[in-house]
Amino acid sequence: MPRLGQYGLALLLVALGAAARWALMRLVGPELPLYITFYPAVMLAALIAGVRPGLLATVAAALFMDYWILPPRGEFGIERLADGVGLAIFLLMGAFTSVVAGLYRRTRGHLEELVAARTAALHQANEQLQQEIAERQQAQEARAQLAAIVESSDDAIISKDLDGVIRTWNAGAERLLGYKAEEIIGQPITRLLPPERKDEEAEILRRLRHGEYVEHFETVRVAKDGRHVEVSASISPLRDATGNLVGASKILRDITKLKQAQEALRRVNEQLQEQAEELAATNKDLEQFAYVASHDLQEPLRAVGGFVTLLQQRYQGKLDEKADNYINAAVDGVTRMQALINGLLEYSRVGTRGNVPAPVAAGAALQEALENLQMLIRESGALITADPLPTVRADANQLTHVFQNLIANAIKFRAERTPEIQVGSRRQDGAWLLWVRDNGIGIEPQYRERIFTIFQRLHTRTQYPGTGIGLSICKRIVERHGGRIWVESQPGQGSTFHFTLPDKGEPHESSSERETH
C-alpha cells in the first residue's frame with residue numbers, strides 16, 4: 001500500500017472512531033469512557049498500515065479529543081490535571097500499541113513469508129519425491145523388463161567378476177551349454193573353455209581393462225556333456241556406480257549351423273567354380289571347333305560348288321529334265337551350305353575375334369549399317385528414321401552388325417505395305433536401351449524366345465530366305481557386352497527389338513534432329 005494511502009487510512013480510522021464515540025454517547029450517555037473508541041482505531045491503523053500510521057492515528061485522536069471533547073471545547077488546552085494525565089497516558093498507550101501492532105504485523109508478514117517459502121520448498125520437495133518415485137518405478141520396470149528379456153533370450157548371457165567367477169547365468173546359457181544356474185554360478189569361467197583356449201580369458205580381461213569392447217569374437221565353448229560348441233561372443237565391461245571395472249558380461253550365440261552352412265556354401269562355390277572353369281574350357285573348345293570346322297569346310301565346299309556350277313553351266317538343257325533338276329538342287333544345296341558355314345564361322349568369332357569394347361557413337365554404327373544395306377533399302381523402298389543416338393561402350397563392328405541384322409530382318413519380314421523402320425534409344429537403369437521398330441508381319445508370342453536360338457526358323461526358305469542364325473549372333477553380341485535382347489510384337493502390326501548396352505555416361509550426340517533414310 002502506498003505511504004499516502006496508509007496515512008489516509010489512519011486518519012479515516014480516527015474519524016470512524018470519533019463517529020463511533022458520538023453514536024455510543026447518544027446511547028450510553030456522557031458516562032462513556034473517554035478513549036474507548038480510539039484505541040481500536042489506533043490498533044487497526046498500526047496492524048493494517050504499520051507503526052507510523054498508528055502513531056499518526058494516536059496523535060490525531062489526541063488532538064481531536066483535546067479540541068472537541070476535553071474542556072475547554074473548541075480550543076487546544078486542558079483545564080483539569082486528570083484530563084492531561086489521561087491524554088498523556090493515551091498517547092503513551094497509543095504509541096506502545098502502534099509499536100506492538102507494527103511488530104506483530106511485521107512478524108506476521110515474516111512468518112507468512114517463511115511459511116510460504118517453506119510451503120513452496122515442501123511442494124517442490126514433494127514434486128521431486130514424486131518424480132524420484134516415478135523414476136524408480138520406471139527403473140524397476142525397466143530392470144524387470146530387461147531381466148525378462150535376458151531370461152527369455154535365445155542367446156547365452158553370462159556375467160563374471162574380475163576373478164573370472166561366473167555371477168549370472170540365463171536360460172539361454174542353460175539351453176546352449178547344458179548347465180543349470182545353480183550348478184555353474186560361483187564356478188570359474190575357465191570351466192567352459194577347451195584346454196587350447198585357456199589363455200583367452202586373460203587376453204579378454206586385458207582388453208576390457210583398457211576400455212575395449214570385444215564384439216563378434218568367434219570361439220569355442222565346452223558344454224556340460226563335453227560337446228564343443230562354436231559361438232560368436234560379444235563381451236562388454238561391467239562398472240560400478242563410481243566407474244570402476246568390476247567384471248564383464250558376455251553374450252554367446254550358437255553359430256554351429258552357420259558354420260556348417262558356410263562350409264557347405266564354400267564347397268558349393270568350389271564346385272561351381274570348377275564347373276564354370278570346365279564350362280569355359282568347353283565353350284572355348286567348342287568355339288575353336290566351330291571355327292576350325294567351318295573354316296576347314298570352306299575349301300572342299302568351294303571345290304564342290306565350283307564343279308557343280310561347271311556342270312550347271314556346261315550341261316544345262318543338254319540332259320533330260322530330271323538331270324537339270326538334280327544339278328540345280330546340288331547348286332542350291334552347296335549355296336545354302338556355304339551360307340550356313342559362313343554364319344557358323346561368324347557366330348564362333350563373336351567371342352574370340354571381337355574387339356575390346358570402347359566408347360563408340362551408336363549413330364555412326366547405325367550409319368555404317370545403312371550404307372551396307374543401301375541396295376536392299378532402295379529395292380524395298382523402306383523408310384528408315386532414327387532419333388539421335390548416344391555414345392555407348394561397345395565393339396563398333398559388332399554394334400554395326402546388330403543394327404544391320406535387325407534392319408535387314410525388318411525389311412525382309414515385311415507386310416504388303418511399305419516398310420517403315422524407326423531406331424531410338426533412352427537411358428534406363430544405368431544403361432542405354434536401344435530399339436529397332438518396324439511395321440512388318442509380327443511374331444506370335446510363343447515364338448519370341450525361339451527366334452534367338454541358333455538355326456531356328458519360323459518360315460520356310462521359299463517364303464523368306466535365310467539361315468536362322470542372324471538373331472543368334474545378335475543375341476551373343478549383346479550378351480558379350482553385358483546387355484540383353486528381346487522382342488515385343490503383335491502379329492500383323494510389327495515388331496520392336498530391344499537391346500541394352502552399358503552407359504558411357506555421356507549425353508546424346510549433338511544432333512537434335514531426327515535423321516531419315
For [X] and [Y], which I'm curious about, is there any donor-acceptor pair between the side chains at under 3.5 Å?
| X | Y | value |
| --- | --- | --- |
| T500 | Q428 | no |
| R52 | Q6 | no |
| Q128 | E132 | no |
| R437 | T496 | yes |
| D387 | Q422 | yes |

Check: [X] side chain, [Y] main-chain N or O, donor-acceptor pair, under 3.5 Å:
| X | Y | result |
| --- | --- | --- |
| D438 | S495 | yes |
| W169 | Y179 | yes |
| S489 | G442 | no |
| T168 | I158 | no |
| S159 | S249 | no |
| D155 | I251 | no |
| K180 | E174 | no |

Task: Minimal non-hydrogen separation, P188 against I166, with atom names - done: O-CD1, 4.3 Å
- [ ] Give a yes or no on whether a salt bridge exists between R206 and E203, defined as a side-chain N under 4.0 angstrom from a carboxylate O.
- [x] yes
TODO: Flag the pair E263 and R266 as a salt bridge only when some basic side-chain nitrogen lies within less than 4.0 angstrom of an acidic carboxylate oxygen.
DONE: yes
Task: Plane angle bin for F64 and F38 - parallel if under 30°, tilted between 30 and 60°, otherwise perpendicular - done: tilted
